[in-house]
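In what follows, chains are A, B, ... by sequence order, proteins preceding strands, each numbered from 1.
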Number of protein chains: 4
Amino acid sequence: MARPKSEDKRDALMAAATRVIAAQGLSAPTAVIAREAGVSNGSLFTYFETKADLFSRLYLELKTGMAAAALEGLPAEAPLREQFSHMWSNWMRWATSNPGKRRALALLGVSDDIAQESRAASHQAMAAIAGMLERARSDGPMRDTSMEFVAALMNALAEATMDFMVNDPAHADEHCRAGFDALCRTLGC
Amino acid sequence: MARPKSEDKRDALMAAATRVIAAQGLSAPTAVIAREAGVSNGSLFTYFETKADLFSRLYLELKTGMAAAALEGLPAEAPLREQFSHMWSNWMRWATSNPGKRRALALLGVSDDIAQESRAASHQAMAAIAGMLERARSDGPMRDTSMEFVAALMNALAEATMDFMVNDPAHADEHCRAGFDALCRTLGC
Amino acid sequence: MARPKSEDKRDALMAAATRVIAAQGLSAPTAVIAREAGVSNGSLFTYFETKADLFSRLYLELKTGMAAAALEGLPAEAPLREQFSHMWSNWMRWATSNPGKRRALALLGVSDDIAQESRAASHQAMAAIAGMLERARSDGPMRDTSMEFVAALMNALAEATMDFMVNDPAHADEHCRAGFDALCRTLGC
Amino acid sequence: MARPKSEDKRDALMAAATRVIAAQGLSAPTAVIAREAGVSNGSLFTYFETKADLFSRLYLELKTGMAAAALEGLPAEAPLREQFSHMWSNWMRWATSNPGKRRALALLGVSDDIAQESRAASHQAMAAIAGMLERARSDGPMRDTSMEFVAALMNALAEATMDFMVNDPAHADEHCRAGFDALCRTLGC
DNA sequence: TATGAATGAGCCTTCATTCAT
DNA sequence: AATGAATGAAGGCTCATTCAT
C-alpha cells in the first residue's frame, strides 16, 4: 500500500519553513526549506501544493499554536483580571521562547499569499481570547467600541511588548508587566 | 553648484516606488517602478545605487513626511492634552489621506534591507513627537517605563487605529477618537 | 503458463494513453495516463519499461488496428477497383469513428521516441494494403516508381482526406469520394 | 539612445531555433537555442516574449520563406502547366536544400502553441500558390471539390515527395517528376 | 546623463523513474 | 504485483544590475 505520507516530514517542513522564513524572509527559496527539512525539493510539493499553500498552512499552525500557548492552564474560576494576567504571561512567554516562530508569523501575516481561508481560521483560533476580551470590554470605557477594534488594540500592545522583551531580555519582566498594565488601563480592568 | 541629477526625476522615482510598493509589495521589480516614474530602468540606478538604497531612502522620506504631517500647526502654547489631540488628528488624517504611503511605509518597515542609518534617522524625525510623549510619560503611570517602550506602545495604538479608519471609513471619526482615548488612558493624560 | 501481469490493465493503459495523447499531446505526463487508466503511476512502469516503450507499443497497436479496420470484409473476389473502394471506405470510417486514435497515431508518428522496431512492424501491418496497391501500381502510370513512394502518396492523400472528413463532417461523404477519385487518378485505376 | 534591438540577433535566434528544433524537436530548451545563437538565455526573452511566441513567429517566417522560394522566377506568361512545373521544382529544391527548415516547419505545424494569428498569416503567404491551383482546379475533374481540400491534397503530395527526395537523394529527380506527374493526374492538368 | 539591451544567476514547479511498504 | 511517496534534474521565465550607445 505504498509508503504513507509521513506526518514527520510534514512537520519537519513546517519547522524548517519557520526557521528559514525567520532567517531569510518570505523570499526564502523552497529548495532551502526542503534542504533544511532534510527532504528533496520535489518532496516539498507532495506535502504542499505550492509555496503559497505551505505558507498559508504554516501561518495557521503558528497562530493556532500561539493561541493555545496563551490559554494554557487558564484559571477558569479566577476573576477576569487574573485570567487576563495569566493569559498575558503565557503569551509573552511564548513569544520570548519562540522568537523564530514569532518573526515568521509576523512576516506571514503581511504576506499577500496567505489564503483567505487560513486568515479566517486563525481568527477562530483566537476566539477564546477574544471571548475574555469581550467580557472586559463590555464593562469598561470601550463598551461603545467594536470588538474587532479592541482586539486590534490588544494585539498591537502585545506585539510592541514582545518586541521589547525580545530585544531587551534583561528587562523582559518589567516590560511584560508594563505592557499588561497599559492594556488594563486601556480596557479599564 | 547645482546638482547634476534632476531633482524631479528623483522625486518621480520615489513617488512611483511608493505607489508600486503599495500595490505589489516589496518584490516589485525595479523596472516597473522606473516605468511608473516615466524613466528608463537604467536611470533608476543613477539615482539610487541599489534597490535596497532606494527603499532605505524612501523609508526615511515617508517617515519624515508622516512626522511632519503630524506636527503641522501644533498649538505650542496649548495644554499638553490638547497638543496631543491635535497631533493625533493630524496623524490619523495623514494616514487616511495617504493610504498608499502608509502601506508602503509599513512594508518597508519590516523589510530586511532598510539601512540601519535610515532607521536611526527616522527616529530623529519622530523626535518632536517623542518629546511631547516624554512630557506626558514622566508625569503619569508609565513614569518608570523607558521612553522607547512608551513610544512603541503609542505607535502600536496608532497603527491599529489607522487600520480601522482606513478599512472602515464610515466610522473613521469614532475609531480616531476611541484610539486617542485609549492612548490617553494608557499614558494617564 | 498464465502471464502474471493483467492483460486488462495493460489495455486500460493503452486506451488511456490514446485518449490523453489525443487531448494533451506527447508531453502528457505518465501520471495522468495512469490515473486515466485507473492505475497507480508506479504500475505503469511494470507494464512498460519507459514512457517511450509505452508510446512505441501504442503506435504499433494503433497502426495495426487501423490496418485491420481497413481490410475488414474485403471482397477478395471482386475487381481490384472495387476492393480499393471498399478498403478506402473502411479506412475513412475508422478515422472518422476514432478521431482520438487517429490524432494520437499522428502525433506518435512524428515522435522521436518510437522504436525502430515498431516502425518496421507497422509496415508489416500495412502489408496487405500494400499488396493491393502493388497490383494497381504495376499496371498503371506509376509502374516505374518505387512501391514505397506510391504507398507514401496514397497515405498522404488518405490523411488529407481524413482531415477534411473529421473537420467538416457535414460533407464527409463528398470528401471521401473526392479523395478516392484523386487516388484513382493518381494510380490510374 | 541605448543599444537598439539588433536585427542580427533576432535572425540568429530564428536560425538557431530552426536548427535546434530540427535536431531535438519542439521540446528543445530555450537555453540551448540561445546558446546556439550566441546569446544569453535572458536575451532570448527580450526578442520574443515567450517560447511559444518565438515558435509562432518562426513558423510564419519559415512558411513565408518556403512560399517565396516556390514562386521565385515564375514565368508569368507561360501556360499554366509550365508555371506549375516551375513552382514544383522550386518547391522541391527548397525542401532538399533546407532539410532543417523543412523539419522544423513540419514540427511547428503540429505544435499546439502556434498563434492562430500566425496560422492565418501563413495561409496568406501561400495565397499566390493557391491562386495557381485554383485556376487548375476550376477547369478539371476536381471542379466540384472545395479549394481547401484540393490545396490540402497538393500539400500532401508535395510533402510525401519531399520526404523521398530527402531520404533517397540518389533518385531525387525521379521522385520529383513522379510526384509532379501524380499531382497533374490528380488535378487533370 | 539617459537609455534600454545584455547578462546570467536564481526560482518555482513538473515529471520520469525508483523504491519502500 | 500494486501503490504512491521520494527523488533530483530540468526548464521557462524574471529581474537586479551593468554597459554600449
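The side-chain heavy atoms of D:R102 and D:D163, taken from C-beta on, include a pair separated by under 4.5 Å.
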Protein proximity profile, nucleotides 6-11 of chain E - base contact B, sugar-phosphate-only contact S, no contact -, cut-off 4.0 Å on heavy atoms
SBBB-S
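In plain terms, the two heavy atoms of C:K63 and C:S122 that are nearest each other are CG-CB, 3.8 Å. Between C:D113 and C:F55, the closest heavy-atom pair is OD1-CD2, 4.2 Å. Across B:S56 and B:A115, no two heavy atoms sit closer than the pair OG-N, 2.7 Å. Listed here is the closest heavy atom pair of A:G100 and A:A22: O-CB, 3.7 Å. Of all the heavy atoms in B:T50 and B:F45, the pair that sits closest is CA-CE2, 4.1 Å.
Considering only side-chain atoms of C:F45, the nucleotide from E:dA16, E:dT13, F:dG12 that sits closest is E:dA16.
Residue B:L13 contributes atom CG, which lies 10 Å from atom P of E:dT3 at whole-angstrom precision. Following rounding to the nearest Å, C:Q24 (CD) and E:dT14 (P) show an atom-to-atom distance of 13 Å. B:D113 places its CG atom 15 Å from the C1' atom of F:dC15, with the value rounded to the nearest Å. The CZ atom of C:R10 sits 15 Å away from the P atom of F:dA1 (whole-angstrom rounding). In this entry the distance linking CZ of D:F55 with P of F:dG12 reads 8 Å, nearest Å. Distance A:F48 CZ to F:dA5 P: 14 Å, rounded to the nearest Å.
For the pairing with A:I33, the side-chain contact (heavy atoms from CB on, under 4.5 Å) check across A:N41, A:V20, A:L58, A:V39 returns one residue only, A:V20.
With the nearest nucleotide of DNA chain E identified for both C:A31 and A:A52, A:A52 has the one nearer the 5' end.
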Test D:R3 against D:D8 for salt bridge (charged side-chain N to carboxylate O under 4.0 Å, His left out), laying out the working first.
CA-CA 13 Å; D:R3 211 174 325 190; D:D8 280 0; over 6 Å; no
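Comparing the axis of the opening five pairs of the helix from E:dA2-F:dT21 to E:dT21-F:dA2 with that of the closing five pairs yields an angle of 0°, rounded to 10°.
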